[in-house]
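Notes follow once the structure below has been shown.
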Number of protein chains: 2
Amino acid sequence: MKKYQEIFNDIKDKILSDYYSAGTSLPTEKDLQELYGVSRDTVRKALAILTERGMIQKVQGRGSLVLKQELLNFPVSGLTSYQELTQSLQLQSQTNVVELDVVSVSTSLSKLTGFEAYSKVWKIVRTRSIDGKVSVIDTDYLAHDLVPHMTREIASQSIYDYLENKLGLDISFAQKEITIEPTNREEKALLQSQDDYLVLIKSRVFLGDTRQFQYTESKHKIDKFRFVDFARRKHSL
Amino acid sequence: MKKYQEIFNDIKDKILSDYYSAGTSLPTEKDLQELYGVSRDTVRKALAILTERGMIQKVQGRGSLVLKQELLNFPVSGLTSYQELTQSLQLQSQTNVVELDVVSVSTSLSKLTGFEAYSKVWKIVRTRSIDGKVSVIDTDYLAHDLVPHMTREIASQSIYDYLENKLGLDISFAQKEITIEPTNREEKALLQSQDDYLVLIKSRVFLGDTRQFQYTESKHKIDKFRFVDFARRKHSL
DNA sequence: AAGTGGTCTAGACCACGTC
DNA sequence: ACGTGGTCTAGACCACTTT
């Protein structure tokens, strides 16, 4: 583990356990430097991650202030998988695999998904239920050359866990788009709903070496959708 | 202007103008260091911003790859004001000030907005129209002690421009939440719409010294809403 | 083996806020 | 005046990819 990651973790835990509480200041960079026995730059790297996550705010001349965490409990932002989400919130959740096939990418599907035409991809359709009620329909396309093996068993658990921990893929970044779309008959049936609209999240997901391995359309029941974000103002940089 | 900002700007412009084109590599850090006549750390700071914005991806041992920008044209993410947005997209947009008052914060309004009870705030209701059609209703609450002066004139232009450039406020970060809500009669009238739902964006916005100066509810017509985001996977850090 | 980015160090000086 | 974080430098060594 890198030193700055360990320091970040330690400070993060201390903030979450209220050892450093909201509204107070963290120790100065000089003090943290001595506390952990590292250079100032290493401390500053850890503080930079805390800043980016919205846990602290640095004010020149004053120090690093600990921010209130109340609104940040639900991290739909930042590329978190459904499985990780329900686990961290301890929700009772069930996944049902509706479809699992290998398909060839047509030219129109290529335009939508970003995958090369005529390449092979897995198509996986799943429904996600909480308290026995379907709240999400996921349609995943996975590059077949990066994910040669896939089963209903894996798809009903966490695909991300399998990709990262079994296949060792380095999932790195995503481009996402959220819109509201009219619901068709099939979607109404799957969602067991008469709502005329659903929330559609399209994402293209890439590995650390910039190869695309996934395209997903995630359709949320309109009353089950909530997106929480922490944003920093990017001045005219 | 800071050196790393200038370097960031220069590389950003070169990417946008296709001087460095998607799929190719940036010069090495050593080359950039010599090109700009700075230390390696300063180059790395500029590259870190490009990475965070999703413009490049660094791959150890290979270099900094330029990513495709196609999905990132519409930066609703990252705390951009409506005025800045319509300007950068060159949309014809009109703002109509429906209400402008000073109100005292009740206990319930305090809970919603995050402002202290019994403090004074501006309440501003505005509609935003594109091509003569209302697409957004904004309800803003601004801390009166931080913004002592407000007019219909300012509210119909850009409030953010006034706050940053006239008052010199340092707008820094926000906590945002996006949900879909049923539309009431008044909202239907303002949006000139029969839709049963609208997109609600609640945000609390803070200054660099962590004082809250704004709470906003932004209600979007459901078919006019689009949210695009670039997200990096935050491993179990 | 050579070249790339990733981490870490030690030190300097500046900008800002508080006292 | 002092203490804080912000910027910048120069150099070392490590991890990974390519040749």
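Chain identifiers are assigned alphabetically (A, B, ...) following the order of the sequence lines, protein sequences preceding nucleic acid strands; residue numbering begins at 1 within each chain.
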Pick the nucleotide of DNA chain D nearest each of A:L47 and B:G61; which residue has the one closer to the 5' end?
-> A:L47
Distance-only polar pair, side chains of A:Y36 and A:D10, donor-acceptor under 3.5 Å = yes
Which residue lies toward the 5' end of DNA chain C, A:Q33 or A:V59, if each is placed at its nearest nucleotide?
-> A:Q33
Whole angstrom is fine here: how far is it from NZ in B:K58 over to C1' in C:dT4?
-> 10 Å
Would you tell me whether B:S172 and A:Q57 have side-chain atoms, one donor and one acceptor, within less than 3.5 Å of each other?
-> yes
Calculate the interatomic distance between A:Y36 atom OH and C:dT7 atom C1'; express it in whole Å.
-> 18 Å
Please tell me which of the listed nucleotides, C:dG5, D:dT7, D:dT4, lies nearest to the side chain of B:K45?
-> D:dT7
Can you check whether B:Y4 has a side-chain N or O nearer than 4.0 Å to OP1 or OP2 of D:dT7?
-> yes
Given atom NZ of A:K30 and atom P of D:dC2, what is their separation to the nearest angstrom?
-> 15 Å
Could you walk me through whether A:K30 and A:R40 pass the side chain to side chain contact (heavy atoms under 4.5 Å, CB included) test, one step at a time?
-> CA-CA 7 Å; A:K30 192 163 167 297; A:R40 186 169 162 226; over 6 Å; no
Below 3.5 Å, does any donor atom in the side chain of B:R62 face an acceptor in the base of C:dG3, or the other way round?
-> no
Examine C:dT9: is either OP1 or OP2 under 4.0 Å from a nitrogen or oxygen in the side chain of A:K3? Give yes or no.
-> yes
Are a donor atom and an acceptor atom from the side chains of A:Q214 and A:Y160 found within less than 3.5 Å of each other?
-> yes
A:D41 CG to D:dC8 C1', straight-line distance once rounded to whole Å | 10 Å
What is the distance, rounded to the nearest whole Å, between atom CG of A:L65 and atom P of C:dC16?
-> 18 Å
Spacing between A:D31 atom CG and D:dG5 atom C1', to the nearest angstrom = 13 Å
A:K2 atom NZ is separated from D:dC14 atom C1', nearest whole Å, by 10 Å
Give a yes/no answer on whether the side chain of A:T42 brings an N or O atom under 4.0 Å of OP1 or OP2 in C:dT9.
-> yes
B:R40 CZ to C:dG3 P, in whole Å, measures 15 Å
Is the closest basic N to carboxylate O distance between A:D145 and A:K120 below 4.0 Å?
-> no
Answer with base, sugar-phosphate or nothing: what part of the nucleic acid does B:Q60 contact at a heavy-atom distance below 4.0 Å?
-> base
